[in-house]
Novice: 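First the structure, then my questions, so here it is.
Keep in mind it's a predicted model, so treat the numbers as computed, not measured. Excluded from the calculations below are hydrogen atoms, water molecules and symmetry mates; all remaining heavy atoms, backbone and side chain alike, are included. Numbers here are sequence positions counted from 1.
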Amino acid sequence: QVQLVESGGGLVQPGGSLRLSCAASGFIFNFYDMSWYRQAPGKERELVATVNSAGVGANYTDSVKGRFTISRDNAKKIVYLQMDTLKPEDTAVYYCHAHFIFGYRNYWGQGTQVTVSS
């Protein structure tokens with residue numbers, strides 16, 4: 001059974017930090033690029049960051065560059081999103097996503113809420 005289980009969300013003040021984790025099971029983790037998406041109320045889901053299957057390349061949406069860092073541990077089958085200097089506009093549900101590098105198969109996690117507010 002495929003599972004992507006996110007954790008680490010919560011309430012943080014502006015300027016603070018959070019680290020999200022996504023634990024994967026039920027598929028060959030090393031064959032998947034991993035991404036974090038987010039969806040704010042009333043907005044479309046957007047791609048935040050992607051790390052390739054080997055963990056040596058990453059891409060970020062412009063609004064988080066220099067503040068967020070995506071990484072992965074292929075031995076533990078976990079992908080992380082380190083979020084620093086958080087802003088109120090980062091408030092959203094954050095979703096973990098896996099994309100098979102040899103085809104179109106993909107999986108979603110259930111999401112974790114991040115709220116940035118004073």
Novice: Following the transitive rule for hydrophobic clusters with a side-chain heavy-atom cut-off under 4.5 Å over Ile, Leu, Val, Met, Phe, Trp and Tyr, establish whether Val79 and Val2 coincide in one cluster.
Specialist: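 They do share one cluster, since a chain of ILVMFWY contacts under 4.5 Å joins Val79 to Val2.
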Novice: I'd like to know if the side chain of Gln82 reaches the main chain of Thr69, judged simply by a donor and an acceptor atom lying under 3.5 Å from each other, with no hydrogens or angles considered.
Specialist: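 No; zero donor-acceptor contacts below 3.5 Å.
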Novice: Is it the case that Arg105 places NZ or CZ above or below the six-membered ring of Phe27, under 6.0 angstrom from the centre and within 45 degrees of the axis?
Specialist: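 Pair Arg105/Phe27 does not count as cation-pi.
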Novice: Which atoms form the tightest heavy-atom contact between Ser117 and Pro14, and what is the distance?
Specialist: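 Between these two residues, the closest heavy atoms are C-CD, 3.6 Å.
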Novice: Quick check: do Tyr80 and Ser21 have side-chain heavy atoms less than 4.5 Å from each other?
Specialist: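 Side-chain contact under 4.5 Å: yes.
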Novice: Rounded to the nearest 0.5 Å, what separation is found between the NZ atom of Lys65 and the CG atom of Asn59?
Specialist: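 Rounded to the nearest 0.5 Å, the NZ-CG separation comes out at 8.0 Å.
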Novice: Does atom CD of Glu44 have more than 12 heavy-atom neighbours from other groups under 6.0 Å away?
Specialist: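 Incorrect, the count does not exceed 12.
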Novice: Please test Val51 against Ser71 for side chain to side chain contact (heavy atoms under 4.5 Å, CB included), starting from the C-alpha separation and ending with a verdict.
Specialist: CA-CA 7 Å; Val51 60; Ser71 61; over 6 Å; no
Novice: As an exercise, state the distance from OG of Ser63 to CD of Glu89, rounded to the nearest 0.5 Å.
Specialist: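 That separation rounds to 8.5 Å.
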Novice: Among Ile, Leu, Val, Met, Phe, Trp and Tyr joined by side-chain contacts under 4.5 Å, find the other residues sharing a cluster with Trp108 and list them by chain and number.
Specialist: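 Listed partners: Tyr37, Leu47, Val93, Tyr95.
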Novice: Could you tell me if the side chain of His97 sits less than 4.5 Å from the side chain of Asn106, heavy atoms only?
Specialist: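 They are in side-chain contact.
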Novice: Taking only residues two or more places apart in sequence or in another chain, which ones pass side chain to side chain donor-acceptor pair (under 3.5 Å) with Arg67?
Specialist: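 Side chain to side chain donor-acceptor pair (under 3.5 Å) list for Arg67, sorted by chain: Asp90.
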Novice: Which heavy-atom pair separates Asp73 from Phe29 by the least distance, and what is that distance?
Specialist: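 Looking at all heavy atoms of both residues, the shortest contact is O-CE2, 3.9 Å.
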Novice: I'd like to check Ser17 versus Asp84 (side-chain heavy atoms, cut-off strictly below 4.5 Å). Are they in contact?
Specialist: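 Sidechains of Asp84 and Ser17: in contact.
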Novice: Should the pair Phe102 and Phe31 be assigned to parallel (<30°), tilted (30 to 60°) or perpendicular (>60°) ring geometry?
Specialist: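 It falls in the perpendicular class, over 60°.
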Novice: Is any side-chain heavy atom of Arg38 closer than 4.5 Å to one of Val64?
Specialist: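 Yes, close enough: below the 4.5 Å cut-off.
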Novice: How many angstroms lie between CD in Gln3 and SG in Cys22, if you round to the nearest 0.5 Å?
Specialist: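 Gln3 atom CD to Cys22 atom SG measures 10.5 Å (nearest 0.5 Å).
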Novice: Going by heavy atoms in the side chains, are Thr91 and Gln113 under 4.5 Å from each other?
Specialist: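 Side-chain contact under 4.5 Å: yes.
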Novice: Considering non-hydrogen atoms only, spot the tightest contact between Leu86 and Leu18 and give its length.
Specialist: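 So the two residues come closest at CD1-N, 3.9 Å.
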Novice: Tell me, please, which residues at least two apart from Tyr104 pass ring-ring contact (aromatic ring centres under 6.0 Å, His included).
Specialist: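 Scan of Tyr104 (ring-ring contact (aromatic ring centres under 6.0 Å, His included), adjacent residues dropped) gives none.
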Novice: Donor-acceptor pair, distance only, cut-off 3.5 Å: does the side chain of Gln39 make one with the backbone of Ala92?
Specialist: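 No; zero donor-acceptor contacts below 3.5 Å.
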Novice: Any heavy-atom pair between the side chains of Val116 and Val114 that's under 4.5 Å?
Specialist: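 Yes, close enough: below the 4.5 Å cut-off.
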Novice: Can you find a pair of side-chain heavy atoms, one from Thr61 and one from Phe68, that are under 4.5 Å apart?
Specialist: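 Sidechains of Phe68 and Thr61: no contact.
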